*Asks:* 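Before I ask anything, let me first share the structure, which is written out below as structure tokens.
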Amino acid sequence: MDQISVFLGIESDRRASKSVDDQFASNYFMMLNALHRAQESGDSVSTLVLEAAQKRNFIQKHCELLQSAVEDNYALAKKFGAFSLAGDNLLRLESGRAPEISEGSFAGRDLVVGYQVSPVVAPELRYQIANISLMPDGGPAMIPAGLDTPAYNMLGRFQSAGLLSKSRRDELAELYLKAQ
């Protein structure tokens, strides 16, 4: 759990540069690897993430949002074969590199870090783990320029978790509604 707690702490680093983006994604993949190893040993991914978030002293809504987001991404990574023993995915994850999708119609592509709410419209969410959405490399709207309906629906949860102020949430909601 300590290693997972350390990975959850990476979201507080909000400097914007290509190398920070790469390190953020790399740390996320290493966290997924640590969660996979823990699950293989009989631990619950959900419980580990929640306990690690609580150890970081995040507010409860933030802990729950992290738990849900990481759990969803872990399940997606599993569905895409990211933890498959075939190939070098486990080595890739351990070294912080994107795993290759081995299951489904995206087989052969890397599974990469994308966003629920685009950092183009909400840069303050760029390094928030709860905003990560794993997706196939080159997938639709890896960094969309606007807000789509699922992103709009997440704004309230980000506000409740303390990741967006009410005024910023309202500003982003207005942006979404004007585009409709």
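All values reported here derive from a predicted model rather than from experimental measurement. Excluded from the calculations below are hydrogen atoms, water molecules and symmetry mates; all remaining heavy atoms, backbone and side chain alike, are included.
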*Asks:* Between K178 and E174, is there a side-chain N and carboxylate O pair less than 4.0 Å apart?
*Replies:*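 Salt bridge flag = yes for E174 with K178.
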*Asks:* Does a donor on one side chain sit under 3.5 Å from an acceptor on the other, for T149 and Y176?
*Replies:*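 There is such a pair (donor and acceptor under 3.5 Å, judged by atom type) between the side chains of T149 and Y176.
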*Asks:* Within this structure, what is the OG1-CD distance for the pair T47 and Q39, rounded to the nearest 0.5 Å?
*Replies:*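 Nearest 0.5 Å value for the OG1-CD distance: 11.0 Å.
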*Asks:* Who passes salt bridge (charged side-chain N to carboxylate O under 4.0 Å, His left out) against E40, sequence neighbours left out?
*Replies:*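 E40 satisfies salt bridge (charged side-chain N to carboxylate O under 4.0 Å, His left out) with no other residue.
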*Asks:* Locate the shortest heavy-atom distance separating V70 from Y28; write the atom from each residue and the value.
*Replies:*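 Closest approach of V70 to Y28: CA-OH, 3.9 Å.
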*Asks:* Under a 4.0 Å N-O cut-off, is there an ion pair linking R37 with D43?
*Replies:*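 Judged by the 4.0 Å cut-off on N to carboxylate O distance, R37 and D43 do not form a salt bridge.
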*Asks:* Looking only at atom types and distance, does a side-chain atom of S160 sit under 3.5 Å from a main-chain N or O of G156, one as donor and one as acceptor?
*Replies:*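 Side chain of S160 to backbone of G156: a pair is present.
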*Asks:* Where is the tightest heavy-atom contact between A130 and L66, given as atom of each residue plus distance?
*Replies:*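 So the two residues come closest at N-CD2, 3.7 Å.
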*Asks:* To the nearest 0.5 Å, what is the distance between CG on N131 and CD on E124?
*Replies:*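 Reported value, rounded in 0.5 Å steps: 9.5 Å.
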*Asks:* Do S46 and Q67 get their side chains close enough for a donor-acceptor pair, meaning under 3.5 Å?
*Replies:*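 Per modelled atom types, S46 and Q67 side chains form a pair under 3.5 Å.
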*Asks:* Looking at every non-hydrogen atom in both residues, tell me the closest pair between V113 and A25 and how far apart they are.
*Replies:*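 It is CG2-CB, 3.8 Å.
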*Asks:* Consider only side-chain heavy atoms of I, L, V, M, F, W and Y, link residues closer than 4.5 Å, and tell whether V117 and L175 are in one cluster.
*Replies:*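 Cluster IDs for V117 and L175 match.
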*Asks:* What is the distance from atom CZ of F158 to atom CD of Q128, rounded to the nearest 0.5 Å?
*Replies:*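 The CD atom of Q128 is 8.0 Å from CZ of F158, to the nearest 0.5 Å.
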*Asks:* Between D21 and R126 (salt bridge meaning N to carboxylate O under 4.0 Å), is one present in this structure?
*Replies:*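 So D21 pairs with R126 through a salt bridge.
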*Asks:* Between N73 and I132, is there a donor-acceptor pair closer than 3.5 Å when you use the side chain of the first and the backbone of the second?
*Replies:*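 Looks like yes, one N/O pair under 3.5 Å.
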*Asks:* Can you tell me how far apart CE (M31) and CD1 (I129) are? Round to the nearest 0.5 Å.
*Replies:*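 The CD1 atom of I129 is 5.0 Å from CE of M31, to the nearest 0.5 Å.
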*Asks:* At their closest point, which heavy atom of A173 faces which heavy atom of L155, and how far apart are they?
*Replies:*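 Looks like N-CD1, 3.7 Å.
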*Asks:* Quick check for you: to the nearest 0.5 Å, what is the distance between Q180 atom CD and D148 atom CG?
*Replies:*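 Going from the CD atom of Q180 to the CG atom of D148 covers 9.5 Å.
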*Asks:* Is there a donor-acceptor contact under 3.5 Å from the side chain of S95 to the main chain of L91?
*Replies:*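 Confirmed, S95 side chain pairs with L91 backbone.
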*Asks:* Assess, by modelled atom type and distance only, whether the side chains of S167 and S165 contain a donor and an acceptor separated by less than 3.5 Å.
*Replies:*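 On atom types as modelled, these side chains qualify, holding a pair under 3.5 Å.
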*Asks:* Walk me through whether S133 and M135 qualify under side-chain contact (heavy atoms from CB on, under 4.5 Å).
*Replies:* CA-CA 6 Å; S133 180; M135 59 187 56; 4.2 Å; yes
*Asks:* Cut-off 3.5 Å, side chains only: do Q159 and K61 have a donor facing an acceptor?
*Replies:*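 Absent: no donor and acceptor within the cut-off.
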*Asks:* I would like to know whether F80 and L134 meet side-chain contact (heavy atoms from CB on, under 4.5 Å); could you show each step before the answer?
*Replies:* CA-CA 10 Å; F80 279 135; L134 292 177; over 6 Å; no
*Asks:* Determine the minimum heavy-atom distance between P99 and R92, stating which atoms define it.
*Replies:*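 Scanning both residues completely, I find the closest heavy atoms to be C-NH1, 4.1 Å.
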*Asks:* Mind running side-chain contact (heavy atoms from CB on, under 4.5 Å) on Q54 and H62 for me, showing each step along the way?
*Replies:* CA-CA 9 Å; Q54 290 168 336; H62 189 178; over 6 Å; no
*Asks:* How long is the span from the CZ atom in F106 to the CD atom in E100, to the nearest 0.5 Å?
*Replies:*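 If we round to the nearest 0.5 Å, F106:CZ and E100:CD are 14.0 Å apart.
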*Asks:* Closest approach of S84 and L90, non-hydrogen atoms and distance?
*Replies:*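 Shortest heavy-atom separation between S84 and L90 comes out as O-CG, 4.1 Å.
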*Asks:* Of N89, N33, D88, L32, which meets side-chain contact (heavy atoms from CB on, under 4.5 Å) against E94?
*Replies:*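 Considering N89, N33, D88, L32, a side-chain contact (heavy atoms from CB on, under 4.5 Å) with E94 is found only for N33.
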*Asks:* Would a single hydrophobic cluster contain both L163 and L50, if residues Ile, Leu, Val, Met, Phe, Trp and Tyr are joined by side-chain heavy-atom contacts under 4.5 Å?
*Replies:*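 L50 and L163: separate clusters.
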*Asks:* So, do Y127 and Y115 have ring centers that fall under 6.0 Å from each other?
*Replies:*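 No, ring centres 6.0 Å or more apart.
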*Asks:* Using side-chain contact (heavy atoms from CB on, under 4.5 Å), reason through K55 and E51 one step at a time and then give a plain yes or no.
*Replies:* CA-CA 6 Å; K55 186 176 181 178; E51 289 174 356; over 6 Å; no
